[in-house]
Undergrad: 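Shown below is the structure under consideration.
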Amino acid sequence: MYFDITDFRLFVNVADTSSLTRGAERTFLSVPAASNRIKNIEERLQLRLLDRSPQRIVLTEAGRAYLNGARQVLSRLDQLGSELQQFTSGLSGQVRVQANTTAVTEYLPPILSRFLKAFPDVQVGMREKTSAEIVRNIRDGGADIGVISGSVPTDGIESVPFVSSQLMLITPPEHPLLQRQYVYFKDTLEFPFVSLMDGAASNEFYARAAAAIQKTMIIRVQVAGTDAIIRMVEAGAGIALVPKASLTRLASLAAIGARSLSDAWSIREFRVCARRFDELSPIARTFATLLLDGYRQQPNGAPLDY
C-alpha cells in the first residue's frame, strides 16, 4: 500500500474539524484538491473512510483505524525532527500540549513563559480539552503531553502526579449558601451560575456532574475568563465554581464570599501524561520536566497543594 504524508495531515485535520472545508484550510489545500485526495485514498485502499452529509463528516470504523495510524506516523515524524535538533546549535521544533481548563488558566502560563524564554525557537501548540479527550489524544498520538484531572482511566499511557486542586464556590456577599457549614454541588444548582463560554472543558465537567444527579445548571452569564467570572459574581450576576488557585490569585480584587465544596470529587488530583515519557522528543521531555519541577516543590521543599 502507498501512503502519503500530506494525505495523513489532511485526514487528521478533516477528522479534527469534522469538516472538509476547514480541514482543507488547515492543510493549505483547496477544497476540490482535498476532496480529490480523500477520494483517491479510499479508492487506493478500497475502503470507505468517511460518511459525508451536508451537516457533518463522520468517520467509519475503517476511517478511525486510518486516523489512528496517521496520528502515530505524524507524531513519530515530529519526534524524529525534534531528536535530530539536538545535533544542531540549539533546540527547536514543536511541543503539542493539551490540558483542561484549570491547568490552562492557572498552572501552565508561568511554566510556558519560562520555557519560551529559554527556547525561543520552539513552538508550543496548546489546546484546552476535557481530561477524557486528552487521554484519547495522547493515546492516539494527537498530543505529546497532557495535563488531566479526575478519575479518567489512563490505560495505555503513562501519567505522574502533578498538583491537587480544591474546587471553590464563590458567591456575592451575604449569599444564603454562605450560611451553611457544608455546601454540596447539588445545593448550588438552585441558583443561577456565571460560567465560561461554551466549549470550555470545565463547563462539560460540571454539566456531567449535574446530569449524574438528574439536575441541570442554570447559566445566567457566560464570560471569557476566570477574572471576569469573579467580577460578575461580585456584581451579583450569580454564583460560580473556580479552582482555589484562581481564588487565591484574584480574591483580593473583589468583594465576594467563598466556601469549599464538600463533594469528594471537588478535590481534584492533576496528573501529567504522555504515551511514554522516555519516548518523548528531547524538547517535549524538557517541557515535561520543567512543568513537573515547577510545581512539585516550594522553596522549602514541601509539596505544593492548591
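The basis for the numbers below is simple: all heavy atoms, side chains too, and nothing from hydrogens, waters or symmetry mates. Small disclaimer: the values here were computed from a predicted structure and weren't measured.
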Undergrad: Does T289 reach the main-chain N or O of R285 with its side chain, forming a donor-acceptor pair under 3.5 Å?
TA: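 Answer holds: yes.
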Undergrad: Any heavy-atom pair between the side chains of L59 and L50 that's under 4.5 Å?
TA: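 With C-beta onward as the side chain, the pair touches.
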Undergrad: Partners of T105 by side chain to side chain donor-acceptor pair (under 3.5 Å), sequence neighbours excluded?
TA: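 For T105 there are no side chain to side chain donor-acceptor pair (under 3.5 Å) partners, ignoring immediate neighbours.
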Undergrad: In the structure I gave you, are the side-chain heavy atoms of V233 and P172 within less than 4.5 Å of one another anywhere?
TA: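 The answer is yes; the side chains approach within 4.5 Å.
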Undergrad: Would a 4.5 Å heavy-atom cut-off, applied to side chains only, mark L189 and M217 as touching?
TA: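 Yes. Closest side-chain heavy atoms under 4.5 Å.
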Undergrad: Can a donor-acceptor pair be found, under 3.5 Å and without considering hydrogens, that links the side chain of R96 to the backbone of G141?
TA: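 Indeed, once roles are kept as given, a pair shorter than 3.5 Å links the two residues.
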Undergrad: At what distance, to the nearest 0.5 angstrom, does CD of Q222 lie from CE of M232?
TA: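 The CE atom of M232 is 11.5 Å from CD of Q222, to the nearest 0.5 Å.
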Undergrad: How many angstroms lie between atom OH of Y184 and atom CG of L177, to the nearest 0.5 angstrom?
TA: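 Result: 13.5 Å between the selected atoms.
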Undergrad: Can you check whether S262's main-chain N or O pairs, donor with acceptor, with S266's side chain at less than 3.5 Å?
TA: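 Looks like no, no N/O pair under 3.5 Å.
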Undergrad: Output all residues satisfying side chain to side chain donor-acceptor pair (under 3.5 Å) with N36, sequence neighbours left out; order by chain, then residue number.
TA: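 Applying side chain to side chain donor-acceptor pair (under 3.5 Å) to N36 gives none.
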Undergrad: Does the salt bridge (charged side-chain N to carboxylate O under 4.0 Å, His left out) test come out yes or no for D7 and R44, once each step is laid out?
TA: CA-CA 12 Å; D7 288 347; R44 192 164 61 244; 3.1 Å; yes
Undergrad: Taking salt bridge (charged side-chain N to carboxylate O under 4.0 Å, His left out) as the test, write out the residues that go with D263, two or more places apart.
TA: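 So D263 forms no salt bridge (charged side-chain N to carboxylate O under 4.0 Å, His left out) with any residue.
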Undergrad: In sequence, state the C-alpha distance, the side-chain angles, and the governing distance for L45 and F3, and then conclude on side chain to side chain contact (heavy atoms under 4.5 Å, CB included).
TA: CA-CA 10 Å; L45 298 176; F3 295 103; 4.2 Å; yes
Undergrad: Can you name the residues that form a side-chain contact (heavy atoms from CB on, under 4.5 Å) with S159, not counting sequence neighbours?
TA: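 Only T154, R271, C273 meet the side-chain contact (heavy atoms from CB on, under 4.5 Å) criterion with S159.
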Undergrad: Quick one: does any side-chain atom of N68 pair with a main-chain N or O of A65 as donor and acceptor, under 3.5 Å?
TA: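 Flag not set: sc N68 to bb A65 has no pair under 3.5 Å.
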Undergrad: Hey, are the side chains of I239 and V194 touching, using non-hydrogen atoms and a 4.5 Å cut-off?
TA: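 Side chain of I239 against side chain of V194, heavy atoms only: no contact under 4.5 Å found.
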Undergrad: Quick test of your reading of the model: are R48 and E42 salt-bridged, counting only N-O distances below 4.0 Å?
TA: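 Salt bridge: no.
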Undergrad: Say whether R259 and T171, considering side chains only, have a donor N or O and an acceptor N or O under 3.5 Å apart.
TA: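 There is no such pair between these side chains.
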Undergrad: Strictly by ring-ring contact (aromatic ring centres under 6.0 Å, His included), give each pair with a member in residues 120-144 just once, sequence neighbours left out.
TA: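 As it turns out, there is no ring-ring contact (aromatic ring centres under 6.0 Å, His included) pair with a partner in residues 120-144 once direct neighbours are skipped.
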Undergrad: Are L20 and V31 close enough that some pair of their side-chain heavy atoms sits under 4.5 Å apart?
TA: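 L20 vs V31: side chains touch.
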Undergrad: In this structure, are over 12 heavy atoms from other groups packed under 6.0 Å from E61 atom CD?
TA: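 It does not: E61 CD has 12 such atoms or fewer within range.
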Undergrad: For a 4.5 angstrom cut-off between non-hydrogen side-chain atoms, does F162 reach I148?
TA: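 A side-chain contact under 4.5 Å is absent here.
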Undergrad: Apply side chain to side chain donor-acceptor pair (under 3.5 Å) to R275 and list each qualifying residue two or more places apart in sequence or on a separate chain.
TA: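 For R275, no residue satisfies side chain to side chain donor-acceptor pair (under 3.5 Å) once neighbours in sequence are set aside.
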Undergrad: Is L291 close to L108 at the side-chain level, that is, under 4.5 Å between some pair of heavy atoms?
TA: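 Result yes, sub-4.5 Å side-chain heavy-atom pair found.
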Undergrad: Quick one: CD1 on I138 to CD1 on I145, what's the gap to the nearest 0.5 Å?
TA: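 If I round to the nearest 0.5 Å, the distance is 7.5 Å.
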Undergrad: Partners of F11 by ring pair (Phe, Tyr, Trp, His ring centres under 6.0 Å), sequence neighbours excluded?
TA: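 Per chain and number, F11 pairs via ring pair (Phe, Tyr, Trp, His ring centres under 6.0 Å) with Y66.
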Undergrad: Report the residues that fulfil salt bridge (charged side-chain N to carboxylate O under 4.0 Å, His left out) with R231, sequence neighbours left out, ordered by chain and then residue number.
TA: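 Counting only residues at least two positions away or on another chain, R231 forms a salt bridge (charged side-chain N to carboxylate O under 4.0 Å, His left out) with E234.
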Undergrad: Passes side chain to side chain contact (heavy atoms under 4.5 Å, CB included), L49 versus I38? Steps please.
TA: CA-CA 8 Å; L49 304 180; I38 298 292; 5.8 Å; no
Undergrad: Hey, are the side chains of L261 and T188 touching, using non-hydrogen atoms and a 4.5 Å cut-off?
TA: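 L261 vs T188: side chains touch.
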Undergrad: Has the side chain of Q166 got a donor or acceptor atom that lies under 3.5 Å from a matching backbone atom of K244?
TA: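 Not a single qualifying donor-acceptor pair exists.
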Undergrad: Using the test side chain to side chain donor-acceptor pair (under 3.5 Å), find all partners of D227 that sit at least two apart in sequence or belong to another chain.
TA: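 Partners of D227 by the side chain to side chain donor-acceptor pair (under 3.5 Å) criterion come out as none, since no residue qualifies.
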Undergrad: Apply the test side chain to side chain contact (heavy atoms under 4.5 Å, CB included) to residues V14 and R37: give CA-CA distance (whole Å), side-chain angles for both, the deciding distance (0.1 Å), then the verdict.
TA: CA-CA 12 Å; V14 169; R37 275 185 173 271; over 6 Å; no
Undergrad: Between A103 and F270, which heavy-atom pair has the shortest distance, and what is it?
TA: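 Minimum heavy-atom separation between A103 and F270: N-CE2, 4.2 Å.
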Undergrad: Where the side chain of R220 meets the backbone of P192, is there a donor-acceptor pair that is under 3.5 Å apart?
TA: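 Answer holds: no.
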Undergrad: Quick one: do the T102 and R268 side chains pair a donor with an acceptor below 3.5 Å?
TA: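 R268 and T102 do have a side-chain donor-acceptor pair below 3.5 Å.
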Undergrad: Ignoring hydrogens and angles, write down the donor-acceptor pairs under 3.5 Å from the side chains of residues 200-213, residues two or more places apart or on other chains.
TA:
{"unit_1": "N203", "atom_1": "ND2", "unit_2": "L196", "atom_2": "O", "d": "2.9"}
{"unit_1": "N203", "atom_1": "ND2", "unit_2": "M197", "atom_2": "O", "d": "2.9"}
{"unit_1": "E204", "atom_1": "OE2", "unit_2": "R208", "atom_2": "NH1", "d": "3.1"}

Undergrad: If the condition is side-chain contact (heavy atoms from CB on, under 4.5 Å), which residues does R71 pass it with, not counting sequence neighbours?
TA: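 Partners of R71 by the side-chain contact (heavy atoms from CB on, under 4.5 Å) criterion, ordered by chain and then number, come out as V12, D16, L67, D140.
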Undergrad: Of all residues at least two apart in sequence or in a different chain, which pass the ring pair (Phe, Tyr, Trp, His ring centres under 6.0 Å) check with F191?
TA: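 Partners of F191 under the ring pair (Phe, Tyr, Trp, His ring centres under 6.0 Å) test: H175.
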